[in-house]
Amino acid sequence: ALERTLSIIKPDAVAKNVIGEIYARFEKAGLKVVAAKMKHLSRKEAEGFYAVHKERPFFNALVEFMISGPVMIQALEGENAILKNRDLMGATNPKDAAPGTIRADFADSIDANAVHGSDAAETAAVEIAYFFATTEVHAR
Ligand code: CMP
C-alpha cells in the first residue's frame, strides 16, 4: 500500500554532515520526501514526541540527546514506506544493525542511533501530524 512515515535524522547524524547521504538512501529505495524541516527541538517537544516512552529508564537520556542539536524531520511517501524505512534504518541498537543499513554505517550507540522512523501506520499518522500541518505535506 502507498504509505507515509515520519523520519527524523537525529542530532548525531546532522552533526556528522550526512543528511544528504541519508536522503540518497531514501530516494534510491523509492521513498519520496513529501515534507521536511530542520528544527532544534525544545524539551517539551521532545518529551511530547516520545511520550510513549516516558516510563522507560532511557527516557531522560533520550530527551537530552534529542535536544542536544538540530534534527532534520521529514515525511516519506512510498509503497510500504513504513517497513521500507525501517529496513533502511536497521536495528535500533547499531551493534545489531545489518551491514549497509543507516544505523550500521552512521550510528554510534543506541541513543545516538542516527535516525528515527515510525513503527506502524497509526503511529506514523500521529508522528507526521506532531510536526507538520496538513498544508506542509505535499502529495507527489
Ligand atoms: P527511536 O526509534 O527514536 O525511538 C526511541 C529511542 O529510544 C530509540 O530510537 C533509541 O534511540 C532510544 N533508546 C535508548 N535505549 C533504548 C532501549 N533500551 N530500547 C529502545 N530504545 C532505546
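Order of appearance sets the numbers: ligands from 1, and atoms from 1 within every ligand. For the single chain, residues carry numbers from 1 onward in sequence order.
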Discussion item. Main chain of Ala114, side chain of Asp12: is a donor-acceptor contact present, judged purely on distance under 3.5 Å?
Written reply: yes
Practice prompt. Report the nearest protein non-hydrogen atom to atom 1 (P) of ligand 1: residue, atom name, distance rounded to 0.1 Å.
Written response: His116 ND1, 3.4 Å
Item to complete: Please check if the side chain of Lys16 supplies one atom and the backbone of Phe106 the other of a donor-acceptor pair under 3.5 Å.
Response: yes
Worksheet entry | Arg86 to ligand 1, any heavy atom closer than 4.0 Å | no
Worksheet item: In Å and rounded to the nearest 0.5 Å, what is the OG to CD1 distance from Ser7 to Ile82?
Response: 12.5 Å
Discussion item. Just verifying a value: how many Å separate Ile8 CD1 and Ile73 CD1, rounded to the nearest 0.5 Å?
Written reply: 5.5 Å
Worksheet item: For ligand 1, is there an atom lying under 4.0 Å from some heavy atom of Met66?
Response: no
Worksheet, complete the sentence: Any heavy atom of Ile110 under 4.0 Å from ligand 1? The part involved is both
Worksheet item: Who's the nearest protein heavy-atom neighbour of atom 8 (C) of ligand 1, and how far?
Response: Thr92 CG2, 3.8 Å
Fill in: Numbered atoms and elements of ligand 1 in range of Asn113, under 4.0 angstrom, heavy atoms
9 (O), 10 (C), 11 (O)
Response to the item:
Of all heavy-atom pairs linking Val137 and Ile128, the shortest is CG2-CG2, 4.1 Å
Fill in: Worked verdict on Ile110 versus Phe58 for side chain to side chain contact (heavy atoms under 4.5 Å, CB included)
CA-CA 10 Å; Ile110 195 166; Phe58 57 81; over 6 Å; no
Discussion item. Is the contact between Asp111 and ligand 1 made by the side chain, the backbone, both, or neither, using heavy atoms and a 4.0 Å cut-off?
Written reply: both
Worksheet item: Which protein heavy atom lies closest to atom 9 (O) of ligand 1, and at what distance to 0.1 Å?
Response: Lys10 NZ, 3.2 Å
Practice prompt. May I ask you to list the atoms of ligand 1 that are less than 4.0 angstrom from any heavy atom of Arg103?
Written response: 2 (O)
Discussion item. Does ligand 1 come near enough to Phe58 that some N or O of the ligand is less than 3.5 Å from an N or O of the residue?
Written reply: no
Discussion item. Would Arg43 and Glu64 count as a salt bridge (charged side-chain N to carboxylate O under 4.0 Å, His left out) here? Give the steps.
Written reply: CA-CA 8 Å; Arg43 186 175 299 274; Glu64 286 298 335; 2.8 Å; yes
Worksheet item: Which residue owns the protein heavy atom closest to atom 4 (O) of ligand 1, what's the atom, and how far is it?
Response: Tyr50 CE2, 3.5 Å
Fill in: Gap separating the CZ atom of Phe132 from the CZ atom of Arg4, nearest 0.5 angstrom
11.0 Å
